[in-house]
Amino acid sequence: MRPIVSHLHLPNKTTYTYNTMIKTHLSNSKSIPALEIFITMKRNGVTCDNYTYPMVLKACKMIRGLCEGKQVHGEIVKLGFFDSDGFVRNGLIGMYCKCRQMSCSRALFDCFHEKDLVSWNLMVSGYVECGDIVEAQKVFDEMPERDVVSWTIMIDGYGKKIGDVSRARLLFDKMHKRDVVTWNIMIDSYTKVGDMVAARDLFDRMQHKSLTTWSIVINGYSQHQNPKEALNVFSLMLSYDIMPDKFCVVGAISSCAQLGALDQGRWIHMYIKKKKITLDVVVNTALMDMYMKCGSTEEARAVFSGMSEKNVVSWNVMISGLGANGFADESLTYFSQMERERIQVDDLVYVSVLSACSHGGFVTKGLEIFRRIRNPKVEHYGCLIDLLVRAGRLEQALSFIASMPMEANKDLWGSVLLGCRVQRNVSLGEFVLNKLKEVGGDDCGVYVLMSNIYAANGMWEEVMKMRKILVEKGVVKESGKSVIEVVDGGVVEFVCGQQLQNRKEDMERVLWSLSNMVDLE
DNA sequence: ATAGGGTTAG
């Protein structure tokens, strides 16, 4: 039987239709189309109700559209929704918070009486987002009641936003009821400051992990130079039959890139395709970078050309990767193509393209590109200096340094010192060494380089002085190491000068892998 | 109202 409902209680049919359309767009994070529907709605004279406005405000919030938000605010006040509806009021506060207009949020917040928990939480998170933890704490203290969300926002504020993890942990320990998000934010606070031990401790103690939890830990290890552990956690995840999502695979792929683990990277690529994990720009770019770092330019090119969406980062990976792999001219071709397609070139891309010129010995081209950089940063000068020094144009490099609008940094002087080594220029080398001392960049490598310059000129007494400084400083040159991927997907590391007696098994793994690579025809 | 990802010279 059809329910009998009085027509008076039915919502305005047209309004309802439009609201549904707006809702659909919002749930697909399409804020602009949602706002367009709102505009059409008004143009057609359709009534907007207290379901329309919170959604529209959410759309304004998503695009940080302060102007649009203010207009909607005006309408709301005129129609009287502000006084009657809590969702509308909270929508306005949230919109102003996202637009970093805390004084507006505050004024609204203060002027109405029935504040609910959401209103309070909005204010706390607003101040946290704006970096004003002091004000956030004040509001938090004034709250008549707090829930998990309130506490979690404060942990986020102390831990992730300002890096005060001990303060965040204090709050975390004080809470009697925590949810997954609380744990994730606490763990992420530790990874952000690089304390992977504390992060791992919480991770291991956590009862119900979400995909976000795994992603935080995998990416944390990957971003803090522990790609091996990142891959260990990734395989642990797979061994529990948990299906990773696009966030988790990115950390794993980037770890393969750092390790040069090509086969493992390929395996993950296959796995992603097989399990239909979303291949968005970021995942694809990570894959390209992995192939590039592993020296497989063909596979990187294949991923790049198959990408439906590309951004600056993808182009940059292509340009820097080709340059690093010795395809300087092709790298430049991609750079011009990028410019032709009118993709905004950023600082990093200029660094990549200049270094490609440097590798390819394209001095004139490099100089030409450098002149096109509108506000060259010290890194760009560094690339330029490197380019000139490698081409043997030491004097020109020095005059560029003199013309720089900023102070030269240690990397830059390091490039010049390298040039001195090539040209066996002692006096300039000594000058540069002093500069390096001034900027605090006289690390062990610099003294090794300087001693090489002296040695190249047969100045053995000076060489001994450099050696003495090295010993006095207690600096130890970081050992060279080889990281070899073996057939079972693992990685074996050999450090230069290390004892090999106990490494029989590892050596056998490498030999076994090598024998498997031999093409048996 | 609170949570996760990719790129940089030597």
Side-chain angles (χ1 to χ4, degrees), chain A residues 90-91 93-94 97-98 116-126 128-129 146-157 159-160 178-189 191-192 210-220 222-223 244-254 257 278 280-290 292-293 311-321 323-324 346-359 377-387 389-390 410-419 421 445-446 449:
Chain A
N90 285 340
I93 293 184
C97 284
K98 236 337 170 268
D116 58 8
L117 193 53
V118 177
S119 329
W120 284 93
N121 284 343
L122 272 165
M123 289 309 291
V124 179
S125 86
V128 162
E129 279 302 318
R146 303 174 190 95
D147 65 354
V148 202
V149 179
S150 333
W151 285 86
T152 307
I153 296 168
M154 287 310 289
I155 293 177
D156 179 53
K160 287 176 61 190
R178 312 174 187 102
D179 65 7
V180 211
V181 183
T182 320
W183 281 86
N184 286 345
I185 291 181
M186 194 59 236
I187 294 176
D188 205 22
S189 299
T191 72
K192 287 275 132 60
S210 66
L211 281 178
T212 309
T213 322
W214 289 94
S215 148
I216 289 168
V217 173
I218 294 171
N219 286 298
S222 152
Q223 287 159 11
D245 63 1
K246 57 178 180 173
F247 295 97
C248 302
V249 294
V250 162
I253 297 165
S254 152
T278 324
D280 65 7
V281 222
V282 180
V283 179
N284 274 318
T285 308
L287 282 168
M288 279 170 53
D289 181 54
M290 182 272 294
M292 282 297 192
K293 295 266 161 63
N311 62 20
V312 220
V313 185
S314 336
W315 284 91
N316 188 31
V317 167
M318 210 56 198
I319 291 165
S320 69
D346 67 5
D347 286 346
L348 249 62
V349 177
Y350 278 120
V351 170
S352 304
V353 75
L354 285 176
S355 94
C357 290
S358 197
H359 283 281
K377 305 262 165 58
V378 69
E379 306 92 271
H380 299 126
Y381 277 98
C383 291
L384 184 73
I385 302 307
D386 187 63
L387 176 85
V389 158
R390 279 166 186 260
K410 61 181 170 68
D411 300 317
L412 208 144
W413 286 120
S415 293
V416 183
L417 195 63
L418 195 75
R421 165 71 186 92
V446 166
L449 202 53

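We name chains A, B, ... by the order of the sequence lines, and we start the count at 1 in each one. Predicted, not measured: the structure shown is a model, and the values here were computed from it.
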Give one of base, sugar-phosphate or nothing for [X], where a contact means two heavy atoms less than 4.0 Å apart.
| X | value |
| --- | --- |
| A/Thr152 | base |
| A/Asp147 | base |
| A/Val149 | base |
| A/Val249 | nothing |
| A/His380 | nothing |
| A/Lys293 | sugar-phosphate |
| A/Arg390 | sugar-phosphate |
| A/Asp280 | base |
| A/Asp289 | sugar-phosphate |
| A/Asn311 | base |
| A/Leu211 | base |
| A/Asp245 | base |
| A/Ile153 | sugar-phosphate |
| A/Ser210 | base |

Main chain of A/Val389, side chain of A/Asp386: is a donor-acceptor contact present, judged purely on distance under 3.5 Å?
no
A/Thr212 and A/Asn184: side chain to side chain donor-acceptor pair (under 3.5 Å), yes or no, with the steps?
CA-CA 7 Å; A/Thr212 309; A/Asn184 286 345; 4.5 Å; no
Are any non-hydrogen side-chain atoms of A/Met154 and A/Arg146 less than 4.5 angstrom apart?
no
Side chains of A/Trp315 and A/Val349: does their closest heavy-atom pair fall under 4.5 Å?
no
Go through the structure and list residues passing salt bridge (charged side-chain N to carboxylate O under 4.0 Å, His left out) with A/Lys410, not counting sequence neighbours.
none
For A/Asp280, enumerate each residue passing the salt bridge (charged side-chain N to carboxylate O under 4.0 Å, His left out) test, keeping only those at least two apart in sequence or located in another chain.
A/Lys246
Apply side chain to side chain donor-acceptor pair (under 3.5 Å) to A/Asp346 and A/Asn316, showing your working.
CA-CA 9 Å; A/Asp346 67 5; A/Asn316 188 31; 5.4 Å; no
Reading DNA chain B in the 5' to 3' direction, which nucleotide is the first one with an atom under 4.0 Å from a heavy atom of chain A, and which is the last?
B/dA1 to B/dG10
